[in-house]
Amino acid sequence: MEKKNFFSATRIAIIALFGALSGVLYIFGFPISAAFPVWLELNFSDIPALIGTFALGPLSGTIILVVKILIKLVFKSTSTVFVGELADFLIGLAFLLPAGLLYRKKRTFKGALAGLAIGTACSVAVSILTNWLVLVPFYVKLLFKGNWDAIVGLMKPLFPSCTRETFYDFYLWVSVLPFNVMRCLIASTATLLVYKHISRAINRIAEKLTPKGQNAETENKKQFIITLCVCVVLIVLMILFALLHYFFWRG
């Protein structure tokens, strides 16, 4: 389906479907407090985003990520003035883009494995950099008023010997790195198991929904315009609701 016209009603609808599924899974994240700090929440939103990227291409995967973030902001808002969501977007993008670009060039099992391996490495690297340079300093300043003892105290149950001086050693290399490797491995494994089946289903749906006959081009244009307008309206409404949720309804 990737080689067909990008601007089709069917493609836009499938992107919206994967984005909605990814957004719902993103909302229902959960901590693994026995192994990682409680604010590192595992969710399975990378799976539909990765499948969508393999099936529809890297640009579609990027749009799916945007929809995912917007859905989370609408229903849960943000506790980090959108900084955490921006970091999640960059970490997700670092995973999807290399995997999608490599798989697009070599659409084989080996190509998928290579893309997933490089995507995992890039995503883990970006997660370490964003936590080190952006997220931790931001959280310490915004949530803990610059008090490092507070965030170090949250690490103590897992790492009793953690101090201000050794915080990044424990957090980046014993928490962030293995957590994100696990996240990417789960998404990669699930995608490899189900991608071919979902890809065939997408192609069958596209064939059934694509108009045929003399008026096919006109019908395609009508479908595209209607679908695009609906999606634009929904995205604008999600942005407005996300802003309202943050500025007026947060407790």
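Of all non-hydrogen atoms in Arg107 and Arg104, the two that sit nearest each other are CG-O, 3.9 Å. Nearest heavy atom pair, residue Phe28 against residue Val24, reads CD1-O, 3.1 Å. The shortest non-hydrogen separation linking Ala99 to Leu50 is CB-CD1, 4.2 Å. In terms of heavy atoms, Asn131 sits closest to Pro137 at O-CD, 3.8 Å. Nearest approach of Gly115 to Leu102, heavy atoms of both residues: CA-CD1, 3.6 Å. For the pair Gly19 and Ile71, the tightest heavy-atom approach, listed with the atom from each and the gap, is O-CD1, 3.7 Å.
No path of Ile, Leu, Val, Met, Phe, Trp and Tyr side chains, each step under 4.5 Å between heavy atoms, connects Ile51 with Ile118, placing them in separate hydrophobic clusters. A single hydrophobic cluster is not seen to contain both Leu59 and Leu17; linkage of ILVMFWY side chains at heavy-atom distances under 4.5 Å, directly or through other members, places them apart. Linking ILVMFWY side-chain heavy atoms closer than 4.5 Å, directly or via other members, places Ile235 and Ile69 in a single hydrophobic cluster. Cluster membership check: Phe82 shares its hydrophobic cluster with Leu70, using side-chain heavy-atom separations under 4.5 Å among Ile, Leu, Val, Met, Phe, Trp and Tyr.
In this structure the side chain of Phe179 never reaches within 4.5 angstrom of the side chain of Pro37, judged on heavy atoms. Between Ile15 and Ile64, some side-chain heavy-atom pair lies under the 4.5 Å cut-off. Two residues are said to be in side-chain contact when any heavy atoms from C-beta on lie closer than 4.5 Å; Leu42 and Met182 meet this criterion. Leu192 has its side chain within reach of Phe109: a pair of non-hydrogen atoms, C-beta onward, lies under 4.5 Å apart.
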Passes side chain to side chain contact (heavy atoms under 4.5 Å, CB included), Val81 versus Leu142? Steps please.
-> CA-CA 10 Å; Val81 199; Leu142 179 71; 4.0 Å; yes
Could you go step by step and tell me if Asp46 and Lys68 meet the side chain to side chain contact (heavy atoms under 4.5 Å, CB included) rule?
-> CA-CA 10 Å; Asp46 287 325; Lys68 165 184 124 172; 4.0 Å; yes
Before giving the answer on side chain to side chain contact (heavy atoms under 4.5 Å, CB included), spell out for Ser175 and Tyr171 the whole-Å C-alpha distance, their side-chain angles and the decisive distance to 0.1 Å.
-> CA-CA 5 Å; Ser175 297; Tyr171 182 60; 4.1 Å; yes
Output, in order, the C-alpha distance, side-chain angles, deciding distance and verdict of ring pair (Phe, Tyr, Trp, His ring centres under 6.0 Å) for Tyr103 and Tyr195.
-> CA-CA 12 Å; Tyr103 184 68; Tyr195 167 68; 5.7 Å; yes
Is there a side chain to side chain contact (heavy atoms under 4.5 Å, CB included) between Asn43 and Phe30 once you walk through the steps?
-> CA-CA 7 Å; Asn43 64 74; Phe30 56 92; over 6 Å; no
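Interatomic distance, CZ of Phe54 versus OG1 of Thr191, reported as 6.5 Å (0.5 Å rounding). Atom-to-atom distance recorded for Leu135:CG and Ile128:CD1 is 12.5 Å, nearest 0.5 angstrom. Between atom CG of residue Leu158 and atom CZ of residue Phe170 there is a gap of 10.5 Å, rounded to the nearest 0.5 Å. The CG atom of Leu25 sits 6.5 Å away from the OG atom of Ser45 when rounded to the nearest 0.5 Å. Atom OG1 of Thr10 is separated from atom CD1 of Ile202 by 11.0 Å, given to the nearest 0.5 angstrom. Taking CG of Leu143 as the reference point, atom CD1 of Ile151 lies at 8.5 Å (rounded to 0.5 Å).
Side chain of Thr166 to main chain of Cys162: no donor-acceptor pair is present (N/O by atom type, distance under 3.5 Å, no hydrogens or angles). Counting only distance, with no hydrogens or angles, the side chain of Thr189 and the backbone of Ile186 share no donor-acceptor pair below 3.5 Å. Arg164 contributes no side-chain N or O that, together with a main-chain N or O of Val152, makes up a donor-acceptor pair within less than 3.5 Å. Proximity of a side-chain donor or acceptor of Thr108 to a complementary backbone N or O of Gly111 within less than 3.5 Å is detected. Remark: side-chain polar atoms of Ser127 are paired, donor with acceptor, to backbone N or O of Val124 under 3.5 angstrom.
Among Thr53, Ile198, Val67, the single residue meeting the side chain to side chain contact (heavy atoms under 4.5 Å, CB included) criterion with Phe18 is Ile198.
Applying the ring-ring contact (aromatic ring centres under 6.0 Å, His included) rule to pairs touching residues 135-155 yields Trp148-Phe167, Trp148-Tyr168, sequence neighbours excluded.
Side-chain contact of Ser123 with Arg183: a donor-acceptor pair under 3.5 Å is present, judged by distance alone.
Lys106 NZ: 12 or fewer foreign heavy atoms inside a 6.0 Å radius.
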Tabulate below the donor-acceptor pairs under 3.5 Å that side-chain atoms of residues 85-97 make, not counting sequence neighbours, or state none.
{"unit_1": "Glu85", "atom_1": "OE1", "unit_2": "Thr78", "atom_2": "OG1", "d": "2.7"}
{"unit_1": "Glu85", "atom_1": "OE1", "unit_2": "Thr80", "atom_2": "OG1", "d": "3.4"}
{"unit_1": "Glu85", "atom_1": "OE2", "unit_2": "Lys72", "atom_2": "NZ", "d": "2.4"}
{"unit_1": "Glu85", "atom_1": "OE2", "unit_2": "Thr78", "atom_2": "OG1", "d": "3.4"}
{"unit_1": "Asp88", "atom_1": "OD2", "unit_2": "Tyr26", "atom_2": "OH", "d": "2.5"}

